[in-house]
Every structure is written in structure tokens, then in C-alpha cells.
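All values below were derived from every heavy atom in this structure, side-chain atoms included, with hydrogens, water molecules and symmetry-related copies excluded. For clarity, every value in this text was computed on a predicted model and none was experimentally measured.
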Amino acid sequence: MICKRSENDNVEYMFGIVGVPVIEVAMAAQASGIKYVGMRNEQAVSSSDQNQETTGAFQEFPQVEACRLYSKFSARPSSLDMISSVVEKAVRTSMYGRPGAVYVDISGDMVNAKVDRSRVRLVPCCPPPPVSMADHIAITEALAVLKGAKRPLLIIGKGAAHGRAEGALRELVEGCGLPFLPTPMGKGVLPDSHPNCVAAARSRALLQSDVVVLLGARLNWILHFGLPPRFDPHVKVIQVDLCAEEMGNNMQPAAALLGDVNAIVKQLLEYVHKDGWKYPADTEWWTTLKEKMAANATMTKALALQSTTPMNYYQVFHHISQLLPHDCVIVSEGANTMDIGRTMLNNYLPRHRLDAGTFGTMGVGLGFAIAAATVQRNQNTGQRVVCVEGDSAFGFSGMEVETMCRYKLPVVIIVVNNNGIYSGVDAETWEMMGKMGDLTTVAPPVTLLPEARYDEVMNAFGGRGFLVRTEEELRSALQLSLSDWERPSLLNVLIDPSSDRKQQEIILCPVHLPSPSVSVTCPQQYPGNC
């Protein structure tokens, strides 16, 4: 029943961990033509039989209720003949409106049970999500606000990537001459190398813009909630989102455009084309942004071109960025590794970046990489999947390297190893601390074992592991890994444990300070270039 329903919904892949009685589900999937990928990292329980509920059954847990907090839809079919309908609703709910995870709980006794086929109501596959457009009055209000801006800024979020709005957005950005800033998973909707991309002056762009157009992005912690001191207190926001409940979160928008991002951008273009409006290229705003981008680029380049051993973050990412193919899928997670990687590893294509996302959840990277590599291989795209991990983040799901080796998925994993979480200590310091007393009371909580051999974990399963200490070793190992399509590789890149993000200074809003301008160090939890 599950697999027949999945076939109807055009499901191609099933990822999971088998055990009694889930083995039969995976076997049925393979028999029906669905590709099954067995994973290693299970952090949840299975479902007990219905007739054993409340008795303390094996793996009994109120999963439907627990998952309801974290998913768009959570349900347990009441009978075998309802499985098809419930799964169809789950699939439809996951795609319609704002996309999101869903959960369907199949009780243990249902897995091997039988039902008369004539009793089953087979619901056809749901059509593609309906496309909604913004109200025309709201469009004219938004354009009036945008045209009145002295310092406009477009923020392109992952909602624009999901809405496949790259074509319309390129026309809007280039036709109207507007600067844009991508959110972490909005990178690549327009290339990071685009001349109108102002990511290298992120903090300055956010602080001094007077009109912000949010395109499928949320004013959450990643965008500092849209509030001072990181935003101008008088900034006007034009909010474009397909979720009505998102409108007005943290600040009241000057215009709210509810609907599909791609469709709404096309609406805006239709109106703009009528009067030929374009933001001038010779404004003080563009001059300010370009000067700040150049200054930050100079500072970053100085760090990247340092020839030190052990290397710093910027050296590592400088050489990685030079060698990665422009069409590769970049998966990234970690603390400094992910933050610095967002600024130094460019994306050139939409939907080619996956990271820890809004929740900053560590441990998702290797699973993302496996899924991406499975799809890339099946579609024969010739695109590499490169997973850039902090050493702490890698530890959450490191055993998934066995999954990659088992299925011969040519993922390239780069572990940026600083011996800790945010920072660590070198081997000599670690040994000295061990002599001072019990490490559970002496070692800083952020430290991990110095120079841990993550590369040997990959070697143990038949992949290729490289221990990297120098720039030459990094370039050689990465080039070899990118040329190998037969097996996964892992580069264990040892860097200076004290390496950190470059010091950032922001000019806080004068409304909230006693003096017109005060420079302060940018807080760690708010990454981004100034």
C-alpha cells in the first residue's frame, strides 16, 4: 500500500533505516522500482502495534503528537484502506503553500497485514501547487514605495529559489539596476559573482538601506529581525511571501505581496516595463556599497594570501573556491566553517546550496550530501557534490561515510579541523593540560581531540582519505578527489586552532547611540560582512 501510493506520487527514492518490521517496507519499495538508500544515523524510535498502545510496547511512543510540533502534517492511518488517502494528503501538504516536512506513522501490525484491494480508494497524484498572484492594488503600492527609495535593497531568500524565480529576478535586478543580497540558501538564485550582488558589504547594505524588498525571505535571526541597531529604524519593507502568516512578523511591512514569488516578480516587471523605471547607477548609495565591498575584499584577500602553516580559515577557503566547479552542489555546516564559507564559496546556480538553515541544526550535512549525490548520479548531470564541514559538525553524522562508500557515491567531504567547537588547542597544549589534571575539569568545553584522523575513517570503509596540512597538500588532494567519480573522498584539513573570523566592525545606528557613530565588534551570532 505504501509503495503503490508512493509510485502514484512519483516518488523515486526512499531513505531510511530498516529493522523489524520496516525491512518489508524497504523490500517492497525496491520491488516496485523505488530506489532505497539505507542510512546510518537514526535518532528516533519506530512505531509499535496498535493493539499494544498504553501497555509499554516495544518502541511505543506518541510520535504523531510529538511530530505535530515540527511538521506541517502528522497523522496515523486508522486502517489499511486509509493509507493511500493519508499519504496523498501528506505529499500534497508538503508541497502546497510554504513547503515543509510531514510525518505519517504506520503502526507495526499494519506493515504485514492484508486488505481487499477493492476496499482501497486510490487517490490520484496531486497536481502541481496552484500559483497565486498578488493583488494589483498592493503591486502599485509596492512600486510607489520602491520608486521613492534613495537606498533600495533586494533580499533574495530561499523562497525565491523554491519558487524558481531566477529568470524573473535577473530581469528585475538588471532591468531596474537594483542591488541585491542573498540569504544563505538564497545564494545562487542569481550568481554570487553578479555585479549587483552586495553580499561583501552585507552589514552596510542592511543598515543603511531605506527600502528593503524581501523576496521569499523571513525577518528572523539571520536577518537580525529587521530591527535596529542592524537596520535603520525608519526602513520600509516590501514583503513578498506565499505564507500569509509570515506577513508583518517583527515589523509592519509598507506593502505586503502575498503569493508565488516568481509570479509576483513578473507582476512587478509588467508594471515597470510600462514606465521604464530604473534606479540610477551613479547614486551615492551605489558608491557607498562598492567602496565597502572593495575594502572588505582587500581585507579578506590579505588573510587568504597569508602563507602560514598551520593554515587559517581564509587560506583554506581561498584555495577551495579556486578549484570548485561552478556547477557543483555545496553542502555546508559548522560554526565558523559555515559562516566564513557562506562569504567565500560562491554559488553560481540556483538550488545548489544546502546548509544548516534557519534552525542551525548540526548533523544534517552528510545526509543532504547523500541525497544530492544520489539524484545527481541518477540524472547523470556531471555535477559534483562537495560537503564542507566543521570538525564538530562532522561528528554528528560521521558514520554516513559508510553509506557513501556502500553506494559508491563520489561525494567530496572537506573537514576544516580546528580541534574544537569555534576554537581548540594544539597537540602540545592538549598534552600539557593532560598533565595538569583530569581533562574533564581542565580542558575547555569547546575543545576536541587535536588532529583527530577523520581521514582514516573514510579509508576504513574503502573511500579516499587525505590528511592536509599545507596549501600544496590541499590543492593536490582536492584536485585528485574531484577527478575521482568511483568513490567518496575526505580531506581532513588541519588549521590553526586559534584561527577565527576576521574582526568585523559595524557602525551602529546613531538613533540608538549617544555619539553619531561608534564602531563595535560584530557579534559572533550575527555573521556577515560589514
Side-chain angles (χ1 to χ4, degrees), residues 1-48 59 63 67 71 73-77 80 83-84 86-92 94-95 99 101-115 120 122-123 125-126 329 331 354 363-381 383 385 387 396-411 413 458 461-463 485-488:
M1 288 296 301
I2 297 170
C3 298
K4 183 64 178 177
R5 176 69 256 170
S6 298
E7 280 186 90
N8 288 352
D9 291 324
N10 300 316
V11 173
E12 296 184 49
Y13 304 96
M14 180 182 291
F15 299 83
I17 297 178
V18 297
V20 176
V22 185
I23 297 171
E24 288 84 348
V25 176
M27 293 175 65
Q30 291 178 320
S32 66
I34 296 173
K35 300 175 179 66
Y36 174 79
V37 180
M39 306 293 287
R40 294 296 299 263
N41 184 23
E42 180 183 32
Q43 294 175 331
V45 295
S46 300
S47 183
S48 58
Q59 294 189 331
Q63 294 187 171
C67 291
S71 60
F73 176 78
S74 180
R76 169 186 271 196
L80 285 173
I83 288 178
S84 179
V86 172
V87 173
E88 185 278 334
K89 183 173 182 179
V91 171
R92 174 164 40 86
S94 73
M95 298 187 299
V102 295
Y103 176 77
V104 176
D105 185 272
I106 306 294
S107 62
D109 53 332
M110 281 191 183
V111 174
N112 291 314
K114 296 182 180 180
V115 64
V120 178
L122 287 177
V123 184
C125 179
C126 63
V329 176
V331 181
L354 296 163
V364 298
L366 299 188
F368 283 168
I370 288 169
T374 301
V375 172
Q376 300 298 337
R377 182 171 65 183
N378 187 59
Q379 296 181 353
N380 196 27
T381 63
Q383 297 178 352
V385 177
C387 188
F396 281 83
S397 302
M399 197 53 65
E400 294 296 0
V401 299
E402 185 275 332
T403 308
M404 296 175 184
C405 291
R406 188 179 353 130
Y407 293 107
K408 294 182 170 58
L409 297 172
V411 177
I413 303 173
M458 179 63 85
F461 292 114
W485 289 87
E486 301 299 321
R487 53 187 168 171

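- Taking all atoms of both residues into account, the shortest heavy-atom contact from Val411 to Met404 is CB-SD, 3.8 Å.
- For the atom pair CE (Met27) and OG (Ser32), the distance works out to 12.0 Å, reported to the nearest 0.5 Å.
- Tyr36 places no side-chain N or O within donor-acceptor distance of the main-chain N or O of Val25, the cut-off being under 3.5 Å.
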Pair Thr403-Phe461, side-chain contact (heavy atoms from CB on, under 4.5 Å): steps then yes or no: CA-CA 9 Å; Thr403 308; Phe461 292 114; over 6 Å; no
Verdict with supporting geometry, Thr374 and Leu409, side-chain contact (heavy atoms from CB on, under 4.5 Å): CA-CA 7 Å; Thr374 301; Leu409 297 172; 3.8 Å; yes
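- Across all non-hydrogen atoms, the minimal contact from Ser107 to Asp109 is OG-OD1, 2.8 Å.
- Taking 4.5 Å as the limit, some side-chain heavy atom of Leu366 sits within range of a side-chain heavy atom of Ile413.
- Closest approach of Ile370 to Phe15, counting heavy atoms only: CG2-CE2, 4.3 Å.
- For the atom pair NZ (Lys114) and CG (Leu80), the distance works out to 11.5 Å, reported to the nearest 0.5 Å.
- Contact record, Met458 with Cys405: SD-SG, 3.7 Å, taken as the closest heavy-atom pair.
- Closest heavy-atom contact between Val331 and Phe368: CG1-CB, 3.9 Å.
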Step-by-step side-chain contact (heavy atoms from CB on, under 4.5 Å) determination, Asn41 to Met399: CA-CA 7 Å; Asn41 184 23; Met399 197 53 65; over 6 Å; no
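- Qualifying side chain to side chain donor-acceptor pair (under 3.5 Å) partners for Ser71, counting only residues two or more places apart in sequence or in other chains: none.
- Note: Met14 CE to Met39 CE = 14.0 Å, rounded to the nearest 0.5 Å.
- For the pair Val329 and Ala372, the tightest heavy-atom approach, listed with the atom from each and the gap, is CG1-CB, 4.3 Å.
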side-chain contact (heavy atoms from CB on, under 4.5 Å) between Val123 and Lys89, worked out: CA-CA 9 Å; Val123 184; Lys89 183 173 182 179; over 6 Å; no
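- Cys387 SG to Glu400 CD: the interatomic distance, rounded to the nearest 0.5 Å, is 11.0 Å.
- Within the structure, salt bridge (charged side-chain N to carboxylate O under 4.0 Å, His left out) pairs that include any residue of residues 24-41 comprise Arg40-Glu402 (at least two apart or interchain).
- For the atom pair CD (Gln379) and CD (Gln376), the distance works out to 6.5 Å, reported to the nearest 0.5 Å.
- Checked by atom type and distance alone, the side chain of Ser84 never pairs as donor or acceptor with a backbone atom of Leu122 at under 3.5 Å.
- No side-chain donor-acceptor contact under 3.5 Å links Arg76 to the backbone of Gln63.
- Between atom CD1 of residue Ile23 and atom CD1 of residue Ile17 there is a gap of 12.5 Å, rounded to the nearest 0.5 Å.
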